[in-house]
**Q** 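Okay, handing you the structure first.
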Amino acid sequence: MERGNSPNLQLQQLPLATAAVSVQPHTDSFSYKENLIGALLAIFGHLVISIALNLQKYSHIRLAGSKDPRAYFKTKTWWCGLFLLVLGELGVFSSYAFAPLSLIVPLSAVSVIASAIIGIIFIKEKWKPKDFLRRYVLSFVGCGLAIVGTYLLITFGPNSHEKMTGENITRHLVSWPFLLYMLVEIIMFCLLLYFYKEKNANYIVVILLLVALLGSMTAVTVKAVAGMILVSIQGNLQLDYPIFYIMLVCMIATAIFQATFLAQASQLYDSSQIASVGYILSTTAAITAGATFYLDFTGEDVLHICMFALGCLIAFLGVFLITRNRKKSVPFEPYISMDAMPGMQNMHDKGTAVQPDLKASFSYGALENNDNMPEIYTPATLPIVQEQHGPKGASAPPYRVLEHSKKE
């Protein structure tokens, strides 16, 4: 009986063994599918955000001479840009729920590529083919490198997927690698903030390092919040865990402080420098935080890690070349050189420009008027009245300046 039953037992165990072997490839293909979904959502979101910002910028440029400071609220272009901006942010937010953090963060280079292409398409100047290629050769090379880097990032990105449940996030939050990373980051942030506030170290690297450290925590919390929302939608409610609201508060707070430091950097440095340096520092910090908190590269072989790092470097170089080719904005100087005025005698010794005092009652050629008079919208002008010359031999000044009263 035992010999007769043994073949049946072997036949019954054979399908179970084959089914167990086929589970792993199905899991791998599903995880790669999640990576692709997350990458496509991130690319779509950054592309739409770039279009939205350019639409709003176009609306502001068209209404630059309007007396109503809020005239752009009445334009369809600005509201269309706002709608696309919200849609793009939702796409980027949703991408964190599908793909690993270290894969999503470097894909922000898509917005830089899209902005460069939009700038070239909608440029109003006419160039000859040779001049056009010479002028935009860095942009073409940078876009090509950024696209190659993005392809390598998607192909060799980390493939670790974990359910963003409250227990898993809490376990990662109290793990010793992340606690050590948080300690180092807090010390670095405090030192940089001390040098920035107390020592007036207004260097672009210092400010953008503060932004990058805050941005890494923003990325970690965004993935936690987005992942827990996705798990809740799938049927396993996670919104009753306190860790969800802790992550939500940290996400909002770090995003606000990050925007504050970015606004301060934009007042001191050119936008192209902020775009390139900020992208490199923020991406590096976010990838480090994702590898420490979510263990993105656990189980990855050396080849995939090296190719992923190569993709990051190529994307960094592409973004640097794109932003390097942008025209630097020339700040407006709030004074008028007397030498540039036709028919005006020189009122100073060595031909240098006269700088008015912006704090005075009337400042010739100044950008702002400090008299708080609503009826005056333009800088005050000082009329020149030529005097008649007296008898011969009597020297008279070539001109005299009349004083203005506020009623005039």
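This chain uses plain numbering: 1 for the first residue, then up along the sequence. Only a predicted model underlies this, so the values are computations on that prediction, with no experimental measurement involved. Basis for what follows: all heavy atoms, side chains included, without hydrogens, waters or symmetry-related copies.
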**Q** State the CD1-CD1 distance between Ile233 and Ile229, to the nearest 0.5 angstrom.
**A** 7.0 Å

**Q** Using side chain to side chain donor-acceptor pair (under 3.5 Å), reason through Thr77 and Ser59 one step at a time and then give a plain yes or no.
**A** CA-CA 6 Å; Thr77 306; Ser59 178; 5.5 Å; no

**Q** Please report the shortest heavy-atom distance between Glu300 and Asp296, naming the atom on each side.
**A** CG-O, 4.3 Å

**Q** Do the non-hydrogen side-chain atoms of Val105 and Tyr96 ever get within less than 4.5 Å of each other?
**A** yes

**Q** Where does the angle between the aromatic ring planes of His172 and Phe293 fall among parallel (under 30°), tilted (30 to 60°) and perpendicular (over 60°)?
**A** tilted

**Q** Measure from the side-chain N and O atoms of Ser50 to the backbone N and O of Ser115, and report whether any donor-acceptor pair falls under 3.5 Å.
**A** yes

**Q** Measure across Gln238 and Ser232 and return the closest heavy-atom pair with its distance rounded to 0.1 Å.
**A** N-OG, 2.9 Å

**Q** Look up atom OG1 in Thr292 and atom CH2 in Trp176, then write down how far apart they are to the nearest 0.5 Å.
**A** 10.0 Å

**Q** Do you know the tightest heavy-atom contact between Gly311 and Leu153?
**A** C-CD2, 4.0 Å

**Q** Begin with the C-alpha distance, continue with both residues' side-chain angles, and end with the deciding distance and a verdict on side-chain contact (heavy atoms from CB on, under 4.5 Å) for Leu210 and Tyr196.
**A** CA-CA 10 Å; Leu210 292 171; Tyr196 176 60; 4.2 Å; yes

**Q** Can you tell me how far CZ of Phe316 sits from CG of Leu313, rounded to the nearest 0.5 angstrom?
**A** 7.0 Å

**Q** Starting at SG of Cys143, measure out to CG of Leu321 and round the result to the nearest 0.5 Å.
**A** 10.0 Å

**Q** How about OH on Tyr194, more than 12 heavy atoms from neighbouring residues, nucleotides or ligands closer than 6.0 Å, or not?
**A** no

